[in-house]
Every structure is written in structure tokens, then in C-alpha cells.
Amino acid sequence: MSSSVSPSSALFTPLQIGRTKASTESPPLPPNLIFPVRRSFPSFRVFSGKASSVDAELSTELDAVSSFSEIVPDTVVFDDFERFPPTAATVSSSLLLGICSLPDTKFKSAIETALADSECYEQKDPSLRLSCFFSRALVNVGADLARLVPGRVSTEVDARLAYDTHGIVRKVHELLKLYNDVEVPAERLLFKIPSTWQGIEASRLLESEGIQTHLTFVYSFPQAAAAAQAGASVIQIFVGRIRDWARNHSGDSEIEAAVKKGEDPGLALVTKTYNYIHKNGYKSKLMAAAVRNKQDLFSLLGVDYIIAPLKILQSLKESITYPDEKYSYVSRLSPGSAMAYHFTEEELQKWDQIKFTTAMGPGAEQLLAAGLEGYVNQTNRLEEFFGKIWPPPNV
């Protein structure tokens with residue numbers, strides 16, 4: 001997925017939708033739109049220069065690290081879509097805004113079809129009509145993506161429902177029905193839900209029905225542990241954002257405990273969560289996002305998925321690993337080492353809402369709130385734009 005993403009191995013990573021200038025009637029193109037893609041980076045073969053010698057195959061650093069974790073690009077321009085076919089995708093309010101900003105894309109008709117939907121048209125309440133358009137647009141674009149990628153499509157669940165468990169469940173059921181109507185099977189889908197307590201509870205209920213969930217905005221161990229206990233298919237932790245918060249704030253006991261040990265708090269959370277999942281036999285896959293440099297990436301080797309910026313991947317691709325250096329890369333995370341990790345009784349507790357709310361520190365609370373605000377703003381902007389252009393031509 002970021003990304004992006006993964007899981008059969010859908011990975012979710014942001015894609016800048018394109019370079020085309022937006023029309024004056026469209027909203028500005030938002031940065032870092034979600035759209036996943038994975039590239040295949042070949043090994044280099046180097047000739048020794050001696051006629052009697054054979055070619056020596058040299059791996060890149062990217063080849064070396066990819067043997068430990070799934071590594072995917074964080075940002076790719078839309079122009080690269082055909083050249084680097086994606087394996088999975090995430091459809092979101094950001095992606096829809098980007099599509100609306102461009103005069104012509106292969107997904108434009110999916111949105112126009114959503115705006116012409118008769119069931120949405122019949123909604124008398126304008127807010128319900130716009131929400132209906134939003135859901136239809138997500139599914140129509142998601143269905144187009146499902147026809148283009150072999151992996152799964154993760155669909156953003158309206159962030160305005162982040163504190164409404166049953167609202168999230170109803171919305172996922174609605175989206176799932178719409179996907180069924182356009183013949184996209186449930187096994188091709190994930191539903192991306194914010195990691196509030198209510199979102200985690202919704203994930204638990206949905207996973208019990210066999211519906212796969214992708215919990216995002218995880219910034220603390222209580223969130224990660226509760227998500228694993230809920231059976232979330234994917235848990236996404238933003239390493240760099242936690243570090244950024246720690247540099248500029250204080251008062252979060254979980255973050256300060258990691259710093260006191262000389263650890264980076266974002267990397268420490270990924271390590272702790274990975275060990276928790278594997279030591280306790282949970283099914284969740286772990287995704288590390290907001291990776292800022294190569295050292296971050298090396299420190300995360302062994303985690304299921306790492307979303308890395310293109311500049312890091314380009315550096316890894318251009319760095320040759322000679323045969324005698326291949327074994328200097330080590331898996332920092334492994335099921336075996338997880339068994340030796342010690343957890344306190346408090347950390348191994350069964351999480352409920354009171355314990356969860358009490359244990360979440362100010363870092364996670366503030367980062368979660370900021371993430372939700374961004375998602376809500378994007379959704380509101382999108383619906384406002386839909387309201388301005390509806391009804392579309394020929395309707």
C-alpha cells in the first residue's frame with residue numbers, strides 16, 4: 001500500500017498522480033496521492049575485462065535488502081504507471097481529488113459514472129447525495145484499479161466515521177456491496193481504517209466476517225497491540241512522524257522510554273510490535289511507513305513491508321553489493337528473535353477501551369488527530385467539488 005502496501009502481498013504507497021496542469025475549474029492537485037506501485041530493479045552484471053573470465057554477478061543494495069523485507073517505492077509519477085506496473089493499489093479521497101484535477105485520465109469516466117448514479121441522484125438530502133457520490137467514486141476507481149493490478153485494492157473508509165464503530169462497519173458493508181455489484185470479489189479488497197479504538201473495534205468485527213482490514217495511523221504500542229488482538233490484516237506504523245514529534249515535544253512516557261534507552265522511538269515501536277505479533281501468534285502483517293533514510297531501512301530489515309521514498313530506493317539501486325559483502329546485511333527482526341523479547345504483564349493485557357484510552361500518550365493522540373484532520377479535509381474538499389459540478393454533462 002506508502003507505501004504504500006501486500007498483504008497476499010499487497011503494498012500501498014503514495015503516487016503523485018501526474019504532471020499535467022489542472023484545469024481552472026478543478027481543485028488543485030494535492031501532493032502525495034495514494035496509488036501503489038512496485039518496481040522491479042535488476043541486478044547488475046559486470047565483466048572483468050579478461051577473456052578467460054566469466055561474468056561476475058553483483059547485486060545492488062536494493063537486491064540485498066529485498067531478501068529480508070518487501071521494499072516498495074513511496075512516490076512515483078503517473079507517467080511511470082505503464083512502465084512500472086503496480087501489483088496493488090489504494091484508492092482514497094486524495095486520489096479522487098487528483099483525478100478530478102486533471103483534464104484527462106483513464107479514471108475520469110469512473111468518477112463521471114458515479115456522479116450519474118440514479119440511486120445517488122434520488123437522495124433528497126444533499127449531504128447523503130454527496131456521500132453516495134463519494135462511495136460510488138471510490139468503488140468505481142477501485143474497480144478500475146482491480147482490473148489493472150494482480151494484488152489487492154485498499155479502499156479508504158470515510159475518516160468522518162473514525163469514532164463510530166457501527167458507522168465504519170456499515171460503510172464497509174456498503175462499499176463491499178458496491179464492489180460486488182461491479183464484480184470485484186472480497187478477497188481482492190482491504191478496507192483502510194484509522195486506528196482509533198472505535199476503528200480497531202470495527203476491524204475486529206469485520207475480520208470476524210472474513211473482511212480484510214488495513215489499520216492506519218498507528219503511533220503507539222497500545223494501538224498496535226489492540227490492532228493485532230483485533231486480527232487486522234495489516235498494521236501500518238509511521239516511523240518518521242513519531243521521530244518528528246519526539247524532536248519537538250515531550251511528555252509522552254512511551255516515546256521518552258525509548259529515547260532514554262538510546263533508541264529511535266519510531267523504529268522501537270516497529271520492533272516491539274513485530275515481536276509482539278510473532279511472539280503471540282497474531283496473523284497481522286506489519287508495514288513500516290515514513291522511512292526517512294537508508295539507516296532507517298537497514299534497521300527495519302525483517303519487517304513484512306517497508307515503504308521507502310524513491311530517493312532512497314535510487315541510492316540502493318545504484319550501490320553495488322560485492323559477493324563478500326552480501327552477508328553484512330542482517331535481519332534485525334525475525335520470528336526467532338521475537339521469542340526472546342520480554343513483555344511486561346501490562347503490555348500483554350487484553351486491551352479494552354478504558355485501558356486503551358488511558359495508555360495512549362500525547363504523541364499518538366496528536367499524530368492521530370492530525371492524520372484524521374487531513375483525511376476529513378480531503379473528503380470535504382472532494383464532496384464540495386462534486387457539489388459544484390453535479391449534475392455532470394449528459395445527465
Side-chain angles (χ1 to χ4, degrees), residues 5-7 68-70 190 193-197 199-204 207-208 212-243 246 252-291 296 299-307 330-361 363-365 367-368:
V5 345
S6 103
F68 297 101
S69 299
E70 292 281 355
L190 284 157
I193 300 169
S195 294
T196 59
W197 174 257
I200 292 169
E201 271 294 281
S203 173
R204 180 180 64 80
E207 291 282 352
S208 71
Q212 299 166 106
T213 59
H214 170 188
L215 284 174
T216 189
F217 296 149
V218 174
Y219 299 108
S220 68
F221 181 73
Q223 287 177 289
Q229 289 181 5
S233 295
V234 180
I235 299 172
Q236 185 171 356
I237 295 174
F238 294 85
V239 175
R241 295 184 192 177
I242 298 172
R243 178 187 305 147
D252 188 299
S253 58
E254 181 182 340
I255 289 175
E256 289 176 355
V259 173
K260 189 174 182 180
K261 294 177 185 177
E263 299 173 343
D264 176 273
L267 297 174
L269 178 57
V270 173
T271 299
K272 191 173 185 178
T273 302
Y274 178 94
N275 291 334
Y276 180 82
I277 289 169
H278 286 272
K279 187 167 186 175
N280 294 286
Y282 294 114
K283 72 169 191 177
S284 303
K285 299 295 184 182
L286 187 58
M287 179 183 295
V291 171
D296 279 351
S299 299
L300 291 165
L301 293 184
V303 74
D304 298 293
Y305 312 114
I306 301 175
I307 299 176
V330 296
S331 181
R332 304 300 181 95
L333 304 170
S334 69
S337 63
M339 295 302 143
Y341 194 93
H342 174 71
F343 290 94
T344 66
E345 288 187 15
E346 182 181 4
E347 290 168 339
L348 293 173
Q349 68 183 312
K350 178 67 177 176
W351 292 93
D352 59 33
Q353 185 171 5
I354 294 175
K355 294 173 183 175
F356 177 90
T357 303
T358 303
M360 266 187 68
E365 290 174 351
L367 288 166
L368 174 60

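Keep in mind that what you see is a predicted model, and the values were worked out from it rather than measured.
- A donor-acceptor contact shorter than 3.5 Å is absent between the side chain of S203 and the backbone of G199.
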Requested in this report: In sequence, state the C-alpha distance, the side-chain angles, and the governing distance for L367 and F238, and then conclude on side-chain contact (heavy atoms from CB on, under 4.5 Å).
Outcome: CA-CA 10 Å; L367 288 166; F238 294 85; over 6 Å; no
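- Note that NZ of K285 is 8.5 Å distant from OH of Y274, once rounded to the nearest 0.5 Å.
- Separation of atoms OG (S334) and CG (L301) is listed at 11.5 Å; rounding is to 0.5 Å.
- Taking every heavy atom of both residues into account, T273 and L286 meet most closely at CG2-CD1, 3.8 Å.
- The main-chain N or O of Y282 is never found under 3.5 Å from a side-chain atom of N280 such that the two would form a donor-acceptor pair.
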Report task. Tell me, with the steps shown, if M360 and L368 meet side-chain contact (heavy atoms from CB on, under 4.5 Å). Result -> CA-CA 11 Å; M360 266 187 68; L368 174 60; 4.2 Å; yes
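- Across every non-hydrogen atom of G266 and I242, the tightest pair is N-CG2, 3.8 Å.
- Listed for the E254 side chain is no donor-acceptor partner under 3.5 Å among the backbone atoms of A364.
- Across all non-hydrogen atoms, the minimal contact from F217 to P194 is CD1-CB, 4.1 Å.
- When all heavy atoms of L267 and S299 are compared, the pair lying nearest together is CD1-CB, 3.9 Å.
- Of all non-hydrogen atoms in D252 and G363, the two that sit nearest each other are OD2-N, 2.8 Å.
- The line from CD1 of I193 to CD of E201 is 11.5 Å long, rounded to the nearest 0.5 Å.
- Two residues are said to be in side-chain contact when any heavy atoms from C-beta on lie closer than 4.5 Å; V291 and I307 fail this criterion.
- Taking the centre of each ring, Y341 and F343 come in below the 6.0 Å mark.
- If you look at F356 and W351, their ring centroids are not closer than 6.0 Å.
- Put simply, the side chain of Q223 never gets that close to the backbone of L215: no donor and acceptor are under 3.5 Å apart.
- No donor-acceptor pair under 3.5 Å is formed between the side chain of S337 and the backbone N or O of L333.
- Residues D296 and R243 are in side-chain contact: their nearest non-hydrogen atoms beyond the backbone lie under 4.5 Å apart.
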Requested in this report: Take I235 and T216 through the side-chain contact (heavy atoms from CB on, under 4.5 Å) test and state the conclusion after the steps.
Outcome: CA-CA 6 Å; I235 299 172; T216 189; over 6 Å; no
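- Heavy-atom contacts from other residues, nucleotides or ligands closer than 6.0 Å to NZ of K283 number more than 12.
- Formation of a donor-acceptor pair under 3.5 Å by the S69 side chain with backbone atoms of G302 is found in this model.
- The distance from the CD1 atom of I255 to the NZ atom of K260 is 15.5 Å, given to the nearest 0.5 Å.
- With rounding to the nearest 0.5 Å, the separation of OG1 in T358 from CD in Q353 is 10.0 Å.
- Minimum heavy-atom separation, V239 to A288: CG2-CB, 4.3 Å.
- When atom types are taken as modelled, the side chain of E207 and the backbone of T213 share a donor-acceptor pair closer than 3.5 angstrom.
- To the nearest 0.5 Å, atom CZ of residue R332 and atom CZ of residue F68 are 10.0 Å apart.
- Taking 4.0 Å as the cut-off between side-chain N and carboxylate O, E347 and K272 count as a salt-bridged pair.
- Checked by atom type and distance alone, the side chain of S284 never pairs as donor or acceptor with a backbone atom of V234 at under 3.5 Å.
- Residues E256 and S253 bring no donor and acceptor atom of their side chains to less than 3.5 Å of each other.
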